[in-house]
Amino acid sequence: MPRLGGFAEYVCARESALALKPASMTFEEAAAIPQAAVIALPGTRDKGKIQPGQKILINGAGGGAGTFAVQLAKIYGAEVTGVDNTGKLGFMRSLGADHVIDYTREDFTKNGKQYDLILDIVAHRSVFAYKRALRSNGKYFLTGGSVATIFQILLLGPWISIIESKKIRILAVRPNIEDVDFMKELIEAGKVTPVIDKTYPLSEVPEAIGYVGDGRAQGKVVISV
Ligand SMILES: NC(=O)c1ccc[n+]([C@@H]2O[C@H](COP(=O)([O-])OP(=O)(O)OC[C@H]3O[C@@H](n4cnc5c(N)ncnc54)[C@H](OP(=O)(O)O)[C@@H]3O)[C@@H](O)[C@H]2O)c1
């Protein structure tokens, strides 16, 4: 499996794709970092360019990437709104979210509030709904979501930037070791915590995937080898 990942005792990888695990970190904690944190970092730091005091909304904030995004947005001084299901509201607050929205009860694009930055990990609405929820000069980045929404944003996002001072784009993330090392330093310094909900042995991968699919996981689920 050259690129897509998987679950196994051994993996063959290029040396340039590997980072040293700090002695203070367990293998499970280290396993929780790469994809989730490396999605959250460009959305908040590089493309998001969060400025202190900005209003940021993270859709899917209680999941793997969202838990890192909330913590990073707080480090960069944002006022953070987290959106996820009813069972994850207290969890999002414990990560640092200033406000929380239950997506089963409220649509954040229809409540009249607007944000400087929306980081969407589970996008499924129309591009016009996202435009409505952005302040003037606001930015929306999609990191994951339905195929229909991805295509709509690819096609219409650039037009909206021409007509209005709002940016609506897909955020394509390339895994890279510099970002993993950056996150490693934040975690070692105690500024960010990888959140592991549950650990399963390799023999229980189907149960682990089922647990995530049921919508109960808070943060990451890790396979322990
Ligand atoms: N952009 C890139 O280059 C790139 C690279 C790799 C991966 N990705 C994508 O990034 C995403 C990674 O997500 P992840 O690992 O953080 O997933 P995750 O752990 O499954 O988290 C997603 C969270 O969103 C919640 N959610 C589901 N529907 C929602 C809705 N309608 N409104 C608000 N929240 C909702 C989920 O809660 P429930 O439990 O209720 O479902 C869950 O807590 C995936 O879509 C993946 O395809 C992108």
Side-chain angles (χ1 to χ4, degrees), residues 1 3-7 17 31-48 56-73 80-95 97 99-111 113 115 118-126 129-130 133 139-151 153-154 157 168-176 179-180 183 192-200 208-223:
M1 294 261 271
R3 281 174 189 270
L4 297 176
F7 303 101
I33 303 170
Q35 177 171 305
V38 171
I39 290 174
L41 203 47
T44 50
R45 184 193 61 179
D46 309 329
K47 297 281 184 183
I56 311 296
L57 181 137
I58 298 163
N59 193 37
T67 52
F68 284 106
V70 172
Q71 296 181 73
L72 287 166
V80 178
T81 299
V83 185
D84 214 302
N85 71 37
T86 319
K88 297 183 189 176
L89 302 182
F91 173 61
M92 290 189 289
R93 282 196 197 93
S94 75
L95 294 169
H99 316 281
V100 292
I101 294 176
D102 178 351
Y103 78 78
T104 66
R105 289 163 188 263
E106 186 177 338
D107 181 339
F108 75 85
T109 65
K110 290 185 180 161
N111 62 9
K113 299 203 171 88
Y115 300 89
I118 297 173
L119 188 59
D120 202 347
I121 296 157
V122 279
H124 66 276
R125 294 180 175 84
S126 86
Y130 296 127
K139 291 179 280 190
Y140 167 94
F141 290 115
L142 178 154
T143 68
S146 74
V147 174
T149 299
I150 291 172
F151 274 113
I153 284 174
L154 271 175
I168 299 186
R169 290 284 194 281
I170 307 281
L171 186 68
V173 178
R174 290 173 71 94
N176 67 87
D179 284 356
V180 173
M183 288 306 303
V192 170
T193 308
V195 184
I196 298 172
D197 178 303
K198 239 176 158 176
T199 302
Y200 286 86
I209 292 173
Y211 182 69
V212 174
D214 284 349
R216 283 173 288 155
Q218 301 188 343
K220 294 293 290 183
V221 171
V222 173
I223 302 299

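We count ligands from 1, going down the list as the structure has it; atoms in each ligand are counted the same way. Just so you know, these numbers come straight off a predicted model, no measurement behind them.
A salt bridge does not link Asp102 to Lys88: none of the charged side-chain nitrogens sits closer than 4.0 Å to a carboxylate oxygen.
Nearest protein neighbour of atom 1 (N) of ligand 1, counting heavy atoms only, is Leu171 O, 2.7 Å. In this structure, the protein non-hydrogen atom closest to atom 17 (O) of ligand 1 is Gly64 N, 4.4 Å. In this structure, atom 48 (C) of ligand 1 lies nearest to the protein heavy atom Thr143 O, 2.8 Å. Closest protein heavy atom to atom 39 (O) of ligand 1: Gly215 CA, 2.7 Å. Among all protein heavy atoms, the one lying closest to atom 41 (O) of ligand 1 is Tyr103 OH, 3.9 Å. Among all protein heavy atoms, the one lying closest to atom 11 (C) of ligand 1 is Ile121 CG2, 3.8 Å. The protein non-hydrogen atom at the shortest distance from atom 21 (O) of ligand 1 is Gly63 CA, 3.2 Å. Scanning the protein for heavy atoms near atom 45 (O) of ligand 1, the closest one is Gly144 CA, 3.5 Å.
Checking Lys220, Lys88, Gln35 against atom 7 (C) of ligand 1, the nearest heavy atom belongs to Gln35. By heavy-atom distance, the residue among Asn59, Asp84, Asp214 lying nearest atom 33 (C) of ligand 1 is Asn59. The option from Ile101, Ile39, Asp102 that lies nearest to atom 5 (C) of ligand 1, judged by heavy atoms, is Ile39.
The two residues Ala31 and Val222 make their nearest non-hydrogen contact at CB-CG1, 4.0 Å. For Val221 against Val212, the heavy-atom pair with the smallest separation is CG2-CG2, 3.6 Å.
Neither the backbone nor the side chain of Ile170 has a heavy atom within less than 4.0 Å of ligand 1. Only the side chain of His124 comes within 4.0 Å of ligand 1, counting heavy atoms alone; its backbone N, CA, C and O stay farther away. Contacts between Val122 and ligand 1 below 4.0 angstrom, taking non-hydrogen atoms only, involve the side chain exclusively.
Taking 4.5 Å as the limit, every side-chain heavy atom of Met92 sits out of range of all side-chain heavy atoms of Val70. Put simply, the side chain of Ile56 does not reach to within 4.5 Å of the side chain of Thr81, judged on heavy atoms.
Geometrically, Lys198 engages Tyr211 in a cation-pi contact defined by less than 6.0 Å to the ring centre and at most 45° from the axis.
Considering OH of Tyr130 and CD1 of Ile168, their distance stands at 9.5 Å, rounded to 0.5 Å.
Numbered from 1 in the order shown, with element, the atoms of ligand 1 that lie under 4.0 Å from a heavy atom of Ala172 read 3 (O). Here is the list of ligand 1 atoms found below 4.0 Å of a heavy atom in Gly62: 43 (O).
Between the side chain of Lys139 and the backbone N or O of Ile118, no donor-acceptor pair lies under 3.5 Å. Put simply, the side chain of Gln218 gets close to the backbone of Gly87: a donor and an acceptor are under 3.5 Å apart.
Checked by distance only, ligand 1 and Val173 come closer than 3.5 Å through their nitrogen or oxygen atoms. Residue contacts with ligand 1: Ala65 is placed with a nitrogen or oxygen under 3.5 Å of a nitrogen or oxygen of the ligand (distance criterion only).
Annotation: side-chain contact (heavy atoms from CB on, under 4.5 Å) contacts of Val38 (sequence neighbours excluded): Val173, Asn176, Asp179, Val180.
Each of Asp120, Val80, Thr67 was compared with Ile58 under the side chain to side chain contact (heavy atoms under 4.5 Å, CB included) criterion, and only Val80 meets it.
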